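First up is the structure itself, then whatever we jot down about it.
Predicted model, so just to flag it, every value in this text is computed and none were measured. Residues: numbered from 1 along the sequence shown.
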Amino acid sequence: MLRVPHNMADLALTAELPEGIRNNSGADILALIEAAHLPASLPPLPRRQRPEVAETELLHKLSQLTQQTGRELGIAPEILATRRDMQRLVNGAREGGPLVGWRRAVIGERLLQAL
């Protein structure tokens, strides 16, 4: 069970909460917890599942293609496609991001072929 924090010391013991978020937003988080009138403990957080090896390899392949294209054009690869864009493609999305406008001609078609 996850123990509900009620002060900054409790919040510091919450391993699932990154230190940066705790430091920047800890007081706000505690205020929201107090306003929500949460019970003393909650069920454990679901664990994030690791991606399949094939998915990871495909994402790596798309990332390499985007980086190579960025180098060829002399622009940052993130302008062509972000990691989130590539993840969406791997997950089956076929619209938005690098598949729209000028990016489709520059990188989008290449990414689709690499899938």
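Scored by the side-chain hydrogen bond (donor to acceptor under 3.5 Å, both in side chains) test, Thr56 finds no partners at all (sequence neighbours excluded). With sequence neighbours excluded, the residues forming a side-chain contact (heavy atoms from CB on, under 4.5 Å) with Glu72 are Gln68, Arg110, listed by chain and number. The salt bridge (charged side-chain N to carboxylate O under 4.0 Å, His left out) search around Glu109 returns Arg104, not counting sequence neighbours. Ile75 pairs by the side-chain contact (heavy atoms from CB on, under 4.5 Å) definition with Leu73, Ile79, Leu80, not counting sequence neighbours. Here Thr82 pairs with Arg84, Asp85 under the side-chain contact (heavy atoms from CB on, under 4.5 Å) rule; sequence neighbours left out. Under the rule for a side-chain hydrogen bond (donor to acceptor under 3.5 Å, both in side chains), His6 has no partner lying at least two apart in sequence or in another chain.
Counting only heavy atoms from C-beta outward, the side chains of Ser63 and Arg83 never approach each other to under 4.5 Å.
Taking CG of Leu115 as the reference point, atom CG of Leu111 lies at 7.0 Å (rounded to 0.5 Å). To the nearest 0.5 Å, atom CE of residue Met8 and atom CG of residue Leu13 are 11.5 Å apart. The OG1 atom of Thr66 lies 10.0 Å from the CZ atom of Arg103; values are rounded to the nearest 0.5 Å.
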Contacts under 3.5 angstrom, residues 89-98 side chains, donor-acceptor by atom type, not counting sequence neighbours:
| unit_1 | atom_1 | unit_2 | atom_2 | d |
| --- | --- | --- | --- | --- |
| Asn91 | OD1 | Gln87 | NE2 | 3.3 |
| Asn91 | ND2 | Gln87 | O | 3.3 |
| Arg94 | NH1 | Leu89 | O | 2.8 |

Distance-only donor-acceptor pairs under 3.5 Å for side chains of residues 17-26, two or more places apart:
| unit_1 | atom_1 | unit_2 | atom_2 | d |
| --- | --- | --- | --- | --- |
| Asn23 | ND2 | Glu19 | O | 3.4 |
| Asn24 | ND2 | Gly20 | O | 3.1 |

Check: residues 27-37 side-chain donor-acceptor pairs under 3.5 Å, at least two apart:
none

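The minimum heavy-atom distance linking Pro5 with Thr14 is given by the pair CG-OG1, 4.1 Å. Here the shortest heavy-atom pairing between Met86 and Ala81 reads CE-O, 3.8 Å. Nearest heavy-atom pair across Ala114 and Leu58 is O-CD1, 3.7 Å.
Residues Trp102 and Leu65 share a single hydrophobic cluster, defined by chaining ILVMFWY side chains whose heavy atoms lie under 4.5 Å apart.
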